[in-house]
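Below, all heavy atoms of this structure are taken into account, side chains as well, without hydrogens, waters or symmetry copies.
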Amino acid sequence: MLPLTPLDSAFSASLAHAASCVGEGFTLPLPSGGTAHGILLRFDSAGFHPGLFAENGIVMPDSVARSVLKRQADFFHGRLAARLALRSLGIDGDTAIGIGDQREPVWPAAITGSISHTAGIAGAVVAPSEAAPGLGLDIEHVVIADAAAALRGPVVDANEQAVLDALFVDDPLLGLTLAFSAKESLYKALFPQVGTFFDFDAAIVQYVDTAARTVRLMLRITLAPALPAGTCLQVRYDLLSPRLVMTHFA
């Protein structure tokens, strides 16, 4: 399981409505030999109100202001996690993180990162761009049975489903969630290099190593000169709890 460290007092003081928000830090090794720094925030949406954006100096985009309260809480805590992660690199916590044309976070110069959030938890991971051209982070609660059918067609094809069924006989919903999350992390990490949207079918699940906690994906199409069809990529995963998955890729 991923080692998580409670935030020290200097970081904890930055948490909004601290009674409803608990922060933990983690690090991820990078293929370059460097380290990515991450933050997880577990929060209670009942303790959130939109005024926290202004109180914490976090910009609330118009699209978020028009959304439901849950979306606002998720966005706020994702940006708060990103602020704290940047502080791990010694970057001013008030640095704004914009939104790009594909809704991707726009990081400060020379920084790459990723943000994810799902019900009650948000996370962010950052690193210097020279250490990683892109980072992908995704956090998902294991999908419930009623929602699984809607994922199977768009996320995995029949061959991928057969691979997952063989590996996750006792917990097919975990296997499907891992496939979905791994492809999300891959997209987030590769988007800076590819520069355009690509769908779930751009990569195929070949294997899941549950001992090493990796998902092996193979590109079905060429995404960039350095990412031709047939390229195999390993997405790592951790279980933050038995029904809470975090995948990451660099």
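- Between Met246 and Leu2, some side-chain heavy-atom pair lies under the 4.5 Å cut-off.
- A tilted orientation is assigned to the rings of Phe76 and Phe48, their planes being inclined by 30° to 60°.
- A donor-acceptor pair under 3.5 Å links the side-chain atoms of His141 to the main chain of Ala119, judged by distance alone.
- Neither side chain, Gln234 nor Arg216, offers a donor N or O lying under 3.5 Å from an acceptor on the other.
- Taking CG of Leu190 as the reference point, atom CG of Leu233 lies at 6.5 Å (rounded to 0.5 Å).
- What you find for Leu137 and Ala124 is that their closest heavy atoms are CD2-N, 3.7 Å.
- Formation of a donor-acceptor pair under 3.5 Å by the Thr177 side chain with backbone atoms of Val142 is not found in this model.
- Side-chain contact check for Ser116 versus Ile121: every heavy-atom pair is 4.5 Å or farther apart.
- Residue Leu227 comes nearest to Gln193 through the heavy atom pair CD1-OE1, 4.1 Å, listed as atom of the first residue, atom of the second, then distance.
- Atoms OH and NE2, from Tyr237 and His248 in turn, are 10.5 Å apart once rounded to the nearest 0.5 Å.
- A heavy-atom distance below 4.5 Å is found between the side chains of Val143 and Leu151.
- Remark: the backbone N or O of Ser181 is paired with a side-chain donor or acceptor of Thr247 at under 3.5 angstrom.
- Between the Asp209 side chain and the Ala211 main chain, a donor and an acceptor come within less than 3.5 Å of each other.
- The shortest distance between side-chain heavy atoms of Glu184 and Phe200 falls below 4.5 Å.
- Proximity of Val126 to Leu89: side-chain heavy atoms (C-beta onward) are separated by under 4.5 Å at one or more points.
- A salt bridge links Lys188 with Asp138: at least one charged nitrogen is closer than 4.0 Å to a carboxylate oxygen.
- Expressed to the nearest 0.5 Å, how far SG of Cys21 lies from CZ of Phe43 amounts to 8.0 Å.
- In this structure, the separation between CG on Leu217 and SG on Cys232 is 9.0 Å, given to the nearest 0.5 Å.
- Ion pairing between a basic and an acidic side chain is recognised when a charged N comes within 4.0 Å of a carboxylate O; Lys70 and Asp74 show such pairing.
- Atom CD1 of residue Ile91 and atom NE2 of residue His37 lie 10.5 Å apart, to the nearest 0.5 angstrom.
- The existence of a salt bridge linking Glu160 and Arg152 is excluded, since no basic side-chain nitrogen approaches an acidic carboxylate oxygen closer than 4.0 Å.
- Taking the centre of each ring, Tyr187 and Phe197 come in below the 6.0 Å mark.
- Between Phe168 and Thr210 there is a side-chain heavy-atom pair separated by less than 4.5 Å.
- Residue Leu41 comes nearest to Gly23 through the heavy atom pair CD2-CA, 3.6 Å, listed as atom of the first residue, atom of the second, then distance.
- Of all the heavy atoms in Pro128 and Ile111, the pair that sits closest is CA-CD1, 4.3 Å.
- Between Ile115 and Trp107, some side-chain heavy-atom pair lies under the 4.5 Å cut-off.
- Asp201 and Lys183 are not joined by a salt bridge, as no carboxylate oxygen comes within less than 4.0 angstrom of a charged side-chain nitrogen.
- At a threshold of 4.5 Å between non-hydrogen side-chain atoms, the residues Val64 and Arg71 count as touching.
- The residue from Asp238, Leu174, Thr118, Ile139 that alone fulfils the side chain to side chain contact (heavy atoms under 4.5 Å, CB included) condition with Val245 is Leu174.
- Heavy-atom minimum distance, Val205 versus Ala179: CG2-CB, 3.9 Å.
- Side-chain contact check for Gln161 and Asp157: no donor-acceptor pair (N or O, by modelled atom type) lies under 3.5 Å.
- Here Asp171 pairs with Arg243 under the salt bridge (Lys or Arg N to Asp or Glu O under 4.0 Å) rule; sequence neighbours left out.
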